[in-house]
Chemist: 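Take this structure first; my questions come after.
No hydrogens, no waters, no symmetry mates; every other heavy atom, side chains included, goes into these values. Atoms within each ligand, like the ligands themselves, are counted from 1 in listed order. Residues take their numbers from the sequence shown, with the count starting at 1.
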Amino acid sequence: MLVDPKGRRIEYLRISITDRCNFRCIYCQSKGPFKFLPHEEILTFEEIESIVRVGVKLGVKVVRLTGGEPLLRKGIVELVARLAKIPGLEDLSLTTNGYFLSELVKPLKEAGLKRINISLDTLSEEKYSELTGGFSLKKVMEGLYLSLSAGFTAVKINSVIIRGFNDEECEELAKLSIELPVEVRFIEFMPVGKNSLWDESRVVPISEIKERVERLGKLLPAEKVGKGPAAVFRFEGAKGKVGFISPLSSHFCGSCNRLRITADGRLRPCLFSDEEINLKDYLRGKKGSLEEAFREALRIKPEIGVKASTQRPMRAIGG
Ligand code: SAM
Ligand code: SF4
């Protein structure tokens, strides 16, 4: 069992499978020029599979693939198929910007993907293009609709709310949960990545987001799918749900059940701490076993991580 010194049981592994992304979301990228990781630094499928097998042996039940944009990684369907076959892995999901979903949703489902999260922060074509660096909302919506009819256990939308950009859209975004069988999750804007555009005045606390959403009607407590930190509700008669994730205003470090793996194979015990373990040293025989690497990660997992912004950009960590 993976239980840290504070008694937190680790069951969730979040793996960034590439730091590359077609989008340039204003809240995710660092300012100024940036370098992508060299190809040989990125974990291979064999390495990812070995890590997941050891994680599952130690008690990991849920794996989420992320990035950068995970659907950009060549062979993503093959990777999903390989991981889906690991005995004991209960849940395999993916977080995507949705741009390539319409082409990939069917093969991903057939390969064994159980759930999907799509990032969608605005319903305005113009703002979407401004946010992402020129991409089309229409194509992402197509991917969303196809995902909804593909038979996944859950389809969720992630919306990061930024003051002065999309805070006026909370109600519109929440409305999607009335019409569609989707969970719309609101997330506070986090200070991740050196020189990111983050500024405290742009954070909209979850309490305020919830207040805005409640203008649509009373929120009733709802059942949660997955092992994430969202507080989940639904509107009376709605097809879907709404979730609220408050890493800043009411952090959930005390019940944190996850470890992250960066695209270049760093095991990261906390999103907000740059302390990492280089798994490649363990995979390539320079250090002990992968099991020892997991144990070391538990030892250094911070009690409370939300202190300062991190150095790595979000696209290298995976959110
Ligand atoms: N490219 C994929 C996507 O956008 O869904 C996966 C990677 S992205 C880094 C994972 C999640 O992190 C997305 O839902 C994105 O909205 C979120 N994210 C990125 N930067 C963020 C920030 N500064 N604060 C809060 N969430 C952020
Ligand atoms: Fe946007 Fe995701 Fe790409 Fe970051 S990794 S720029 S959030 S699409």
Side-chain angles (χ1 to χ4, degrees), residues 14-31 34 36-37 64-73 76 93-101 104 108 115-122 127-137 139-140 143-144 147 155-163 165-167 169 173 182-200 202-206 209 228-230 243-249 251-252 258 260-263 268 271-272 305-306 308-319:
R14 193 174 170 107
I15 308 174
S16 172
I17 61 169
T18 175
D19 65 331
R20 285 167 169 70
C21 189
N22 47 333
F23 283 19
R24 294 284 174 270
C25 298
I26 51 169
Y27 54 67
C28 180
Q29 302 296 319
S30 299
K31 278 184 202 160
F34 58 87
F36 287 121
L37 291 164
R64 174 170 294 276
L65 302 178
T66 173
E69 176 45 45
L71 300 189
L72 274 186
R73 176 90 189 242
I76 174 72
S93 59
L94 183 140
T95 299
T96 170
N97 62 30
Y99 199 73
F100 301 110
L101 254 187
L104 284 170
L108 284 169
R115 300 191 287 126
I116 208 152
N117 285 15
I118 302 170
S119 301
L120 180 64
D121 312 293
T122 173
K127 276 194 176 178
Y128 192 82
S129 172
E130 186 191 330
L131 171 81
T132 58
F135 288 84
S136 152
L137 172 64
K139 184 155 158 54
V140 173
L144 168 67
S147 305
V155 177
K156 299 182 184 176
I157 287 174
N158 286 354
S159 301
V160 178
I161 301 300
I162 300 173
R163 195 175 303 285
F165 180 72
N166 61 350
D167 50 334
E169 275 195 79
L173 288 161
V182 70
E183 182 177 318
V184 181
R185 293 138 39 99
F186 294 96
I187 305 171
E188 285 170 345
F189 183 22
M190 295 185 275
V192 178
K194 200 178 168 194
N195 296 329
S196 90
L197 297 177
W198 190 86
D199 163 344
E200 202 159 359
R202 306 206 80 174
V203 176
V204 186
I206 279 298
I209 297 173
F244 298 97
I245 305 181
S246 54
L248 300 185
S249 64
H251 66 77
F252 29 76
R258 62 187 60 189
R260 292 178 160 78
I261 297 172
T262 64
R268 201 174 158 102
L271 171 61
F272 292 103
V306 189
S309 63
T310 57
Q311 298 299 300
R312 274 185 189 262
M314 197 65 133
R315 64 183 164 75
I317 308 172

Chemist: Report, in ascending order of atom number, the atoms of ligand 1 lying under 4.0 Å from any heavy atom of Phe189.
Modeler: 22 (C), 23 (N), 24 (N)
Chemist: Gly68 near ligand 2, heavy-atom distance under 4.0 Å?
Modeler: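 It does, in that a heavy atom of Gly68 comes within the 4.0 Å cut-off of ligand 2.
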Chemist: Take the angle between the ring planes of Phe186 and Phe244 and call it parallel below 30°, perpendicular above 60°, tilted in between.
Modeler: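 Phe186 vs Phe244 ring planes: parallel.
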Chemist: Report yes or no: does Cys28 have an N/O/S atom closer than 2.8 Å to atom 4 (Fe) of ligand 2?
Modeler: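 Cys28 does place an N, O or S atom closer than 2.8 Å to atom 4 (Fe) of ligand 2.
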Chemist: If we only count N/O pairs under 3.5 Å, is Glu69 in contact with ligand 1?
Modeler: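 Yes.
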Chemist: Would you say Cys21 has any N or O atom under 3.5 Å from an N or O of ligand 1, going by distance alone?
Modeler: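 No.
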Chemist: Considering heavy atoms of the protein only, find what lies nearest to atom 1 (Fe) of ligand 2 and give residue, atom and distance to 0.1 Å.
Modeler: Cys25 SG, 2.3 Å
Chemist: Checking the N or O distance criterion of under 3.5 Å, is ligand 1 in contact with Thr66?
Modeler: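 In fact, backbone or side chain, Thr66 has no N or O that close.
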Chemist: Measuring from Arg115:CZ to Arg64:CZ, what's the distance to the nearest 0.5 Å?
Modeler: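 With rounding to 0.5 Å, CZ (Arg115) is 5.0 Å from CZ (Arg64).
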Chemist: Could you identify the single nearest non-hydrogen protein atom to atom 3 (Fe) of ligand 2 and state the distance to 0.1 Å?
Modeler: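 Going by distance alone, atom 3 (Fe) of ligand 2 is nearest to Cys21 SG, 2.2 Å.
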Chemist: Would you say Gly68 has any N or O atom under 3.5 Å from an N or O of ligand 1, going by distance alone?
Modeler: yes
Chemist: Is the shortest N/O to N/O distance between Arg14 and ligand 1 below 3.5 Å?
Modeler: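 Not met; the criterion fails.
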